[in-house]
Structure formats: structure tokens, C-alpha cells
Amino acid sequence: MINKKFIEEINLKGKHVLTRVDFNVPLNSELKIMDNGRISAALPTIRHIIKHGGKVILMSHLGRPLGERVESLSLKPVADELSKILGERVYFIQNCVGEVVENKINSMQNGEVILLENLRFQKAETMNEIEFCKQLGKLADVFINDAFGTLHREHASTVGVTQFVDESAIGYLIQKELQFLGSNVTNPKRPFTAILGGAKVSDKIKVIERLIDKVETLIIGGGMACTFLKAKGYKIGASILEEDSIDYANQLIRKAKEKNTDLLLPIDGVIADHFDKNAKTSIVSSEAGAPKGWFILDIGPKSTEVFCKAIQSSRTILWNGPMGAFEIDKFSRGTMKIAQSLAEATSKGAITIIGGGDSASAIKKSGLSERISHVSTGGGASLKFLEGTMLPGVNAIQQSNL
Ligand code: AMP
């Protein structure tokens with residue numbers, strides 16, 4: 001049981017509330033924000049602090065500037081967008097620590113909002129350097145973490161800072177993420193189906209190990225399924241393969257049988273003569289396999305049907321990782337059908353959870369996000385959490401409140 005403080009337990013009136021958010025939004029070459037989902041996801045926490053008379057000091061990273069100021073990665077456009085959707089003035093400061101920041105913060109009124117400059121313009125942020133943590137802590141009485149996407153990182157703004165403030169707690173977004181990825185997975189409504197896809201088996205072994213004891217059905221698709229097909233002795237042509245994981249795939253096939261867990265692998269696939277949008281394609285059964293030089297780049301229609309049937313008869317469904325190379329339309333059909341099937345299952349009362357990353361992009365692309373119970377805002381963090389790993393950001397808050 002994760003026992004951490006929640007924002008509602010803290011008296012915020014008149015306090016400087018340093019709030020870590022995840023404003024790592026996609027920008028185009030004109031620095032226009034292409035998707036403001038991460039900004040709106042932080043609104044409940046920001047509004048709560050304003051309503052309770054706190055002074056809101058927001059901090060975030062954006063992209064990977066590697067410890068130097070990179071103009072195209074300034075958070076200034078985010079401050080403008082936040083101001084628009086919040087309906088309040090948002091002051092932007094071109095640094096995240098130091099005298100200018102401290103002076104501005106000392107003159108703040110209750111309910112005012114400030115956004116600091118990109119934390120990763122400072123090397124000390126990702127190195128969790130103690131002096132930088134102290135400087136951040138100096139800005140605040142209270143620290144709130146609401147950046148789910150960086151909870152698995154041991155950085156100054158997610159871990160170190162908690163040592164230098166009076167109180168620390170999590171915000172609404174993290175609370176919601178932990179609830180969906182936590183109790184709904186530990187204590188699911190049954191039957192429970194997990195769908196895993198994406199490129200690599202090795203990235204997902206720990207998640208598989210945790211889920212295999214909890215689910216009735218485990219579906220494996222995407223590039224990672226090729227290693228399982230190879231383990232079964234099928235031909236996979238030039239498809240993505242992790243030789244080192246073939247033994248593991250065999251063990252898992254055996255383990256699923258012992259535990260009476262339905263392990264569903266693709267029974268057919270879309271194969272292509274190139275990994276390219278202009279490739280020649282064909283549909284083959286997994287048994288027939290892919291010829292030499294060909295790639296399996298999506299699940300086939302029969303697999304889709306079997307997978308969707310399992311989804312429709314489940315009451316909890318967790319999905320992490322696309323069923324194919326969905327960035328290319330030709331190979332996106334399987335992924336999109338799974339997305340649709342999850343939306344339908346939600347309408348029938350199932351709890352549907354998407355673990356961030358590429359499956360979250362796929363659901364956005366399909367326009368069905370609103371029809372899913374929960375789409376996680378953090379790919380890496382959600383995977384770590386699903387593995388059962390204690391996230392450093394949560395641990396730091398717990399420790400600081402002991
Ligand atoms: P991951 O980051 O491990 O979730 O993997 C996501 C990536 O896996 C996406 O970029 C997909 O294009 C890729 N992917 C999915 N299926 C395949 C496949 N059959 N062959 C190659 N890449 C794939």
C-alpha cells in the first residue's frame with residue numbers, strides 16, 4: 001500500500017507552493033504547441049492551489065536540452081497556453097532558480113501563478129545535485145509533485161527538493177494515475193486481460209512476470225510477438241527478433257499453460273517486403289510464416305478478431321504497446337481495431353486502462369481517448385509502476401513525511 005500525502009491534506013493558504021508538473025508538450029518548428037493535453041492534465045491541481053489561497057510556482061522540463069539554454073525549448077509558449085486555458089495571468093520567469101526568481105516570488109500575492117524556465121537548462125536537475133535542490137527548496141514552503149511522467153526519474157525537482165521544504169505531497173493527476181495503474185491492476189474486476197505490444201520483449205519482461213499471476217488472458221502482439229513466434233518454431237523472415245529472449249518466450253509459454261492463463265499470440269500477420277509505406281504487403285498465417293527478407297509489421301485480421309473477442313468478454317483491460325508499426329498507416333489497422341475494441345468495452349462497463357507511450361498516441365490518433373477509462377500520461381513511469389517498482393518520486397514524498 002502506498003502511503004503518501006495528498007494535496008488535499010495540506011493547508012496551502014498564503015504558502016509558496018512549488019509544483020512539479022509535466023509540461024513536456026510537443027512543439028512544431030514555429031514553437032506552436034501541437035497537443036496541450038499535458039497542460040490541461042495539471043489544471044485540477046493548479047486550480048486547487050489557487051482556490052485555497054496558495055501562491056503557485058510551477059516547474060517542468062521540456063525536451064532534452066542537456067543542461068544548456070536552448071531557445072527552442074523555452075517554456076514561454078507553455079506559459080501563454082496555460083494562461084489561456086486557465087483563464088488567469090501566468091507570469092513567466094526566464095530562469096528556475098536564483099535572485100530574480102526569489103525576488104519575484106517574494107512579491108507574489110495569494111492565488112498568483114508563476115511558471116519557471118525549463119529545469120533541464122541546468123545540468124544539476126537530472127544529476128539531482130544537492131545545491132540545486134536547496135535552491136529550489138528555498139523558493140517554497142510546500143512541494144507538490146503532479147508530474148506522473150517523471151516519477152520514475154531521480155531528479156532534483158522530483159526527489160532531492162523534498163528534503164528542503166516543510167511539506168510534500170502528490171497532486172490530483174498522480175493520485176488518479178496511481179489509482180488506475182495501482183488498485184485496478186492489483187485488485188481488478190474479472191476477467192482481467194492485459195495486452196502487450198511494442199518493439200521489444202526485454203523491455204516488458206518484468207511487467208509480464210507481474211501480470212502473468214494476475215490476468216486471465218495475456219495477449220502479446222506487435223514486434224515483440226515475433227520472438228514468441230520464433231520460439232514456437234515459426235518463420236519470421238527479417239522481422240524484429242531478440243535472440244536473447246527466445247528462451248524466456250518458451251518459459252513464458254510453459255508458465256502460462258501451468259497457470260491456466262490464456263496466452264494469445266498472433267495467428268496471422270501483415271507482412272511487407274520493406275519496412276516502408278510503399279512496401280508490397282500480404283497476409284499470412286503465423287504457421288505459414290514470413291518469407292526470407294520479409295517483415296511482420298502488423299497483426300492480421302484473424303488475430304484481431306480473436307484478440308477483440310477476449311477484450312469484449314473482459315471487465316478490466318490493460319493495454320501497453322502497439323500491435324504493429326502503427327506510425328505507418330498500412331500497418332496501423334491492428335492497433336486501431338484494438339483501440340476501437342477497448343472503447344466498446346468501456347461503453348459496456350469494463351475498466352479500460354492505457355499505459356501511456358505509443359498506445360496512448362494510437363488512441364489519440366483514433367480520436368477515442370474520451371472513451372477509455374484512463375489513458376496514462378507517462379509511458380516510462382507507467383511501465384515501471386506496472387512492474388511493481390517503487391517510483392523514486394513517490395518514495396521521496398513518503399520518506400520526507402515520515
Ligand atoms: P515500444 O516503445 O517498445 O512500446 O515500441 C513501440 C514501437 O514498436 C513503435 O514505434 C512501433 O512502430 C514498433 N513496432 C510495433 N510492432 C512492430 C513490428 N511488428 N515490427 C517492428 N516494429 C514494431
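Numbering of ligands and ligand atoms starts at 1, following listing order.
For the pair Phe275 and ligand 1, a heavy-atom separation below 4.0 Å is found. At least one heavy atom of Gly324 sits closer than 4.0 Å to an atom of ligand 1.
With a 4.0 Å cut-off on non-hydrogen atoms, Met224 does not touch ligand 1 at all. Counting heavy atoms under 4.0 Å from ligand 1, residue Asn320 does not touch it at all. Residue Asp358 touches ligand 1 through its side chain alone, judged by heavy-atom distances below 4.0 Å.
Between Ala199 and ligand 1, at least one N/O pair is under 3.5 Å apart. For ligand 1, one of its N or O atoms has an N or O atom of Glu327 under 3.5 Å away.
Panel note: side chain Ser341, backbone Lys337; no donor-acceptor pair is recorded below 3.5 Å. Judged purely by atom type and a 3.5 angstrom limit, Asp273 has no side-chain atom pairing as donor or acceptor with the backbone of Ala279.
Between the side chains of Thr162 and Gln399, no donor-acceptor pair is found at a separation under 3.5 Å.
Salt bridge annotation for Lys302-Glu305: absent, with no cationic side-chain nitrogen under 4.0 angstrom from a carboxylate oxygen.
Taking both residues in full, the closest heavy atoms of Ala41 and Thr377 are given as CB-CG2, 4.4 Å, listed atom of the first, atom of the second, then distance.
Counting only residues at least two apart or in different chains, salt bridge (charged side-chain N to carboxylate O under 4.0 Å, His left out) contacts with residues 326-335 comprise Asp329-Lys365.
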